[in-house]
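The structure appears below as structure tokens.
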There are 2 protein chains.
Amino acid sequence: MKNVPVIDQIIDLAQSLIQTRGYNAMSYRDLADQIGIKTSSIHYYFPAKEDLGRAVMAHYRQGIRSALAGIDAKTPDPRVKIERYVGLFRETVQSGCICLGGMLATDFTTLPQGVQTEVRNFFAENEAWLANVLETGRTSGAFMFEGSSAVKASAVFAALEGAMIAARLFNDDKRLVSAADWMLDTLSAPR
Amino acid sequence: MKNVPVIDQIIDLAQSLIQTRGYNAMSYRDLADQIGIKTSSIHYYFPAKEDLGRAVMAHYRQGIRSALAGIDAKTPDPRVKIERYVGLFRETVQSGCICLGGMLATDFTTLPQGVQTEVRNFFAENEAWLANVLETGRTSGAFMFEGSSAVKASAVFAALEGAMIAARLFNDDKRLVSAADWMLDTLSAPR
DNA sequence: GACAATCTACCTACTGGTAGGTAACATTCG
DNA sequence: CGAATGTTACCTACCAGTAGGTAGATTGTC
């Protein structure tokens with residue numbers, strides 16, 4: 001029975017609500033009722049919804065960043081790195097969610113500016129990591145593809161996001177797995 | 001100056017608002033104000049929001065269906081079929097929108113049941129068409145891939161949806177093009 | 001007159017947000 | 001030491017605006 005600070009409860013629940021329902025379908029009342037506080041208490045920590053949105057996205061980015069650092073630390077093989085990366089997505093989809101970044105990317109036009117920036121940075125950060133893994137893999141001979149690794153990375157990331165959305169839509173995480181397998185296959189196999 | 005029936009104006013505008021802002025950020029008031037009628041007039045045609053949602057999705061599906069029929073009629077080459085198909089997506093993203101199906105797939109958990117069904121059907125329909133093109137192409141030797149064409153089709157469709165979302169996020173439709181080029185390349189090239 | 005289409009007028013529930021209060025605890029200072 | 005003064009973390013009680021939705025009157029057309 002840990003005594004989790006209210007502010008962390010708010011961020012965690014807000015993240016999960018946004019991931020499952022979207023930014024506009026997450027309200028201060030939802031949060032307050034489920035945590036057992038009043039909406040004004042949430043305003044105490046996050047005066048405007050934009051502040052909460054930014055905090056949630058920043059927290060999410062931090063989580064991904066340390067997950068990626070963990071992968072980099074434990075896994076030298078680029079192929080395995082991508083596999084572990086896909087594993088992160090699979091965990092999310094197995095809990096009935098889609099990626100927070102993907103969700104907010106579709107809500108994009110309705111987001112406050114500060115949150116929009118966070119979302120773009122999230123995409124950029126993931127793509128940069130992927131581009132690096134792809135480029136390293138190509139140099140080492142593990143991967144084989146033509147053209148810019150940055151462009152390929154953005155295609156890979158977008159494909160994974162799309163596969164997540166479809167996987168949740170049909171409640172079938174094999175959709176994510178098969179999409180990932182296909183990509184890994186075309187990237188690595190000189191047939 | 002065509003005299004467009006009000007009901008069609010409602011459907012068209014609702015579609016465009018959902019595509020740009022999402023289901024929950026589209027309101028009867030938005031529609032009424034922009035068309036120049038009262039919200040109660042919309043309720044006359046669509047008593048509940050679910051009715052409107054279903055009508056919009058059904059209309060959208062019909063549009064896609066005839067577009068696909070057009071491609072089938074004019075284009076025998078499977079490769080070119082896919083290229084034209086991607087062209088449909090590019091048009092959408094160039095007008096600052098994402099695919100209605102992709103948008104509603106992320107809003108999925110907040111949708112009324114009738115709309116949810118339409119969204120799943122939309123995905124299934126696109127994937128079925130793609131699977132057919134892929135399978136035909138493989139038989140004719142135009143494409144080359146292993147495994148089920150249905151599985152490959154769902155991966156292709158999801159990748160395109162994801163690429164659209166990213167393309168709008170960065171206001172850069174090259175992201176869609178390069179993702180599509182990559183897929184076509186891996187599907188067709190025996191290297 | 002019948003009917004379709006549109007209006008006015010209203011409802012309840014919920015939205016993000018504000019103002020001001022209060023109990024508990026910590027800090028400062030005579 | 002103990003009283004005064006913050007500060008923190010909530011609360012109650014609002015607010016204007018918006019959500020989807022309803023009832024019933026009005027208008028125009030065949």
Side-chain angles (χ1 to χ4, degrees), chain A residues 1-18 20-57 59 103-104 107-116 118, chain B residues 2-57 103-104 106-116 118:
Chain A
M1 201 91 73
K2 269 173 291 185
N3 196 350
V4 181
V6 171
I7 188 167
D8 295 332
Q9 290 185 54
I10 296 170
I11 291 180
D12 287 348
L13 183 57
Q15 179 188 320
S16 133
L17 281 180
I18 297 175
T20 47
R21 303 168 46 80
Y23 185 83
N24 295 299
M26 179 271 296
S27 76
Y28 273 40
R29 186 178 293 198
D30 292 335
L31 297 171
D33 288 352
Q34 287 186 49
I35 295 176
I37 54 175
K38 300 294 163 178
T39 60
S40 49
S41 301
I42 306 177
H43 281 289
Y44 170 72
Y45 295 104
F46 306 101
K49 199 180 179 182
E50 165 166 13
D51 300 315
L52 176 55
R54 262 193 288 117
V56 169
M57 194 70 229
H59 174 254
M103 179 58 92
L104 292 182
D107 286 338
F108 193 72
T109 58
T110 67
L111 297 178
Q113 233 230 334
V115 185
Q116 291 190 338
E118 286 283 339
Chain B
K2 267 172 292 185
N3 198 351
V4 181
V6 170
I7 188 167
D8 295 331
Q9 290 185 55
I10 295 170
I11 292 179
D12 288 348
L13 183 57
Q15 179 189 319
S16 132
L17 280 180
I18 296 176
Q19 276 184 266
T20 47
R21 304 168 48 79
Y23 184 82
N24 295 298
M26 180 272 296
S27 75
Y28 274 40
R29 187 178 292 198
D30 292 334
L31 298 170
D33 288 351
Q34 287 187 48
I35 296 175
I37 55 176
K38 300 293 164 180
T39 59
S40 49
S41 300
I42 306 178
H43 281 289
Y44 171 73
Y45 295 104
F46 307 101
K49 198 179 178 181
E50 165 165 13
D51 301 314
L52 176 55
R54 263 193 289 114
V56 168
M57 194 70 228
M103 179 58 92
L104 292 182
T106 63
D107 286 338
F108 193 71
T109 58
T110 67
L111 296 179
Q113 234 231 332
V115 185
Q116 290 190 338
E118 286 283 340

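All chains are named by letter (A, B, ...) in the order of the sequence lines, taking the proteins before the strands, and each is independently numbered beginning at 1. As the structure is a prediction and not an experimental result, all values here were calculated from the model.
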Length of the line joining [X]:[atom1] and [N]:[atom2], which is rounded to integer Å:
X       : N      : atom1 : atom2 : answer
A:Leu31 : C:dT15 : CG    : C1'   : 13 Å
A:His43 : C:dG20 : NE2   : P     : 17 Å
A:Asn24 : C:dC14 : CG    : P     : 17 Å
B:Asp30 : D:dG17 : CG    : C1'   : 13 Å
B:Tyr28 : D:dG17 : OH    : P     : 24 Å
A:Leu17 : C:dG16 : CG    : C1'   : 16 Å
A:Ile42 : C:dT15 : CD1   : P     : 11 Å
A:Phe46 : C:dT18 : CZ    : P     : 16 Å

Donor-acceptor under 3.5 Å ([X] side chain, [Y] main chain):
X       : Y        : value
A:Gln9  : A:Ile35  : no
A:Glu50 : A:Gly114 : yes
A:Thr39 : A:Ala32  : no

Show the distances under 3.5 angstrom between N or O atoms of the protein and N or O atoms of nucleotides 21-23 of chain C.
none

With B for base contact, S for sugar-phosphate-only contact and - for none (protein heavy atoms under 4.0 Å), nucleotides 2-11 of chain C reads --SBBBB---
Interatomic distance, CD@B:Gln15 vs CE@B:Met26, rounded to 0.5 Å, equals 11.0 Å
**Q.** B:Arg29 side-chain N/O to D:dA19 phosphate OP1/OP2 under 4.0 Å
**A.** yes
Any non-hydrogen side-chain atom of A:Val115 less than 4.5 Å from a side-chain atom of A:Lys49?
no
A:Phe46 vs A:Arg54, test: side-chain contact (heavy atoms from CB on, under 4.5 Å). Steps then yes/no.
CA-CA 10 Å; A:Phe46 306 101; A:Arg54 262 193 288 117; over 6 Å; no
Test side-chain contact (heavy atoms from CB on, under 4.5 Å) applied to B:Leu52 and B:Tyr28, step by step: CA-CA 10 Å; B:Leu52 176 55; B:Tyr28 274 40; 4.0 Å; yes
task = Assess whether atom NE2 of B:His43 is packed by more than 12 heavy atoms of other residues, nucleotides or ligands within 6.0 Å.
result = yes
For the residue pair A:Thr110 / A:Asp107, report whether a side-chain donor-acceptor contact shorter than 3.5 Å exists. no
